[in-house]
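Following this message is one structure expressed as structure tokens.
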Amino acid sequence: MYWEYDDLDGGREACDYVGDTTTTLRSDEPQYAGTATQSVESMDFVLRKKPDMPPVIARYLKSVRKLAKSILLLLLLDTELLLKDENNNAVLRLLRYLPTRSGVGISEHTDYELFSIVYQSRPGLEIWDRDKWVVPTSRVVVLAGDTLESITGGRVRAALHRVPRVEGKRVSIAYFQPLNDDADIGPRNLEGLTSAQKRKANRTYPRVTQLEHILDRDAAAYRRKKDLGK
Ligand SMILES: O=C(O)CCC(=O)C(=O)O
Ligand SMILES: [Fe+2]
């Protein structure tokens, strides 16, 4: 098994698979410090071909995609318009937390996509619920992401989550379900809201594409990492 980059907190290692191609994103590479205008081409530049996906992970990916598709059908009646290909650009991330290192497992954040399906080998994930952190004990957790918050104009909130310092061994598999790269993630289907609410939704959530949003958030994370001197 191959494990890749040291992420922002240094408390874990990760290996990313994008679509059916085994690839990894190295967030510590200078060319990754892009801006919102970064193109798909420069994104490809940081995708690296890796060895084949292990069969057990391929089987897991097949199942998790089925689950993702069901959730998409529940969420969006116009799925076909938004998601031309069910395999699109979803990322499957294998995570291994490192108990010997200091720092948190993963600091609090929201995921960028529509939703994430997280499998955890043992509890550790914490989710912010209005005024407190809750600790789900289930193996599989579905989290709303930024894109779901944006397309619903804030009616569904992205789940803020974190993994505090991990004492023992913990692995997790995160499946991130985005819309198509070129899909507009601005608010939609706002019928039923007052005009003030509609204006607020349109002000809060800009009309950017899925890919622009992901690159934007990645660039911000990279800047934060640099500011921390890591
Ligand atoms: O390991 C986990 O349970 C969560 C991982 C996570 O939040 C992420 O990779 O975005
Ligand atoms: Fe996350």
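Start at 1 and go down the list; that is how both ligands and their atoms are numbered.
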Taking heavy atoms and a distance under 4.0 Å, where does Arg162 meet ligand 1: side chain, backbone, both or neither?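 Under 4.0 Å from ligand 1, Arg162 contributes no heavy atoms.
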
Return all protein N, O or S atoms below 2.8 Å from the Fe ion (ligand 2), chain by chain in residue order.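 Protein N/O/S atoms under 2.8 Å of the Fe ion (ligand 2): His109 NE2, Asp111 OD1, His161 NE2.
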
Hey, could you give me the NE2/CG distance between His161 and Leu143, rounded to the nearest 0.5 Å?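 It comes to 5.0 Å.
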
Please classify the Ile106 to ligand 1 contact at 4.0 Å (heavy-atom distances, strictly less than): side chain, backbone, both or neither.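 Side chain only.
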
Side-chain donor-acceptor pairs of residues 198-205 under 3.5 Å, sequence neighbours excluded:
unit_1 : atom_1 : unit_2 : atom_2 : d
Asn202 : ND2    : Lys198 : O      : 3.2
Thr204 : OG1    : Lys200 : O      : 2.6
Tyr205 : OH     : Glu149 : OE2    : 2.6

Within the structure, does Gln120 bring an N/O atom to less than 3.5 angstrom of an N/O atom in ligand 1?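 Among all N and O atoms of Gln120, none is under 3.5 Å from an N or O of ligand 1.
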
Could you tell me, atom by atom, which parts of ligand 1 come under 4.0 Å of a heavy atom of Phe176?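 Those of ligand 1 that fall under 4.0 Å from Phe176 are 8 (C), 9 (O), 10 (O).
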
Drop me the distance from Arg122's CZ to Arg170's CZ, to the nearest 0.5 angstrom.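 The CZ atom of Arg170 is 7.5 Å from CZ of Arg122, to the nearest 0.5 Å.
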
Suppose we screen for salt bridge (Lys or Arg N to Asp or Glu O under 4.0 Å). Which residues come up paired with Arg207, at least two apart in sequence or across chains?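 Partners of Arg207 under the salt bridge (Lys or Arg N to Asp or Glu O under 4.0 Å) test: Asp184.
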
Can you name the atoms of ligand 1, numbered from 1 with element, that are less than 4.0 Å from a heavy atom of Leu95?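 Those of ligand 1 that fall under 4.0 Å from Leu95 are 1 (O), 5 (C), 9 (O).
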
Please round to the nearest 0.5 Å and tell me the distance separating atom CG of Leu211 and atom CG of Leu179.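 It comes to 12.0 Å.
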
Just jot down the ligand 1 atoms closer than 4.0 angstrom to any heavy atom of Leu125, in number order.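 Here the atoms of ligand 1 in question are 3 (O), 4 (C).
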
Can you measure from CG (Leu92) to CD1 (Ile173) and round to the nearest 0.5 angstrom?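 Leu92 atom CG to Ile173 atom CD1 measures 6.0 Å (nearest 0.5 Å).
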
Could you list the atoms of ligand 1 found under 4.0 angstrom from a heavy atom of His161?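 Those qualifying, in numeric order: 7 (O).
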
With a 3.5 Å distance limit and no angle check, can you tell me whether Gln210 reaches the backbone of Ala183 through a side-chain donor-acceptor pair?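 It does not hold such a pair.
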
Nearest 0.5 Å, please: how far is CG in Leu125 from CZ in Arg162?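 Output value for this atom pair is 10.5 Å.
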
Quiz: residues 129-136 side-chain donor-acceptor pairs under 3.5 angstrom, not counting sequence neighbours:
none

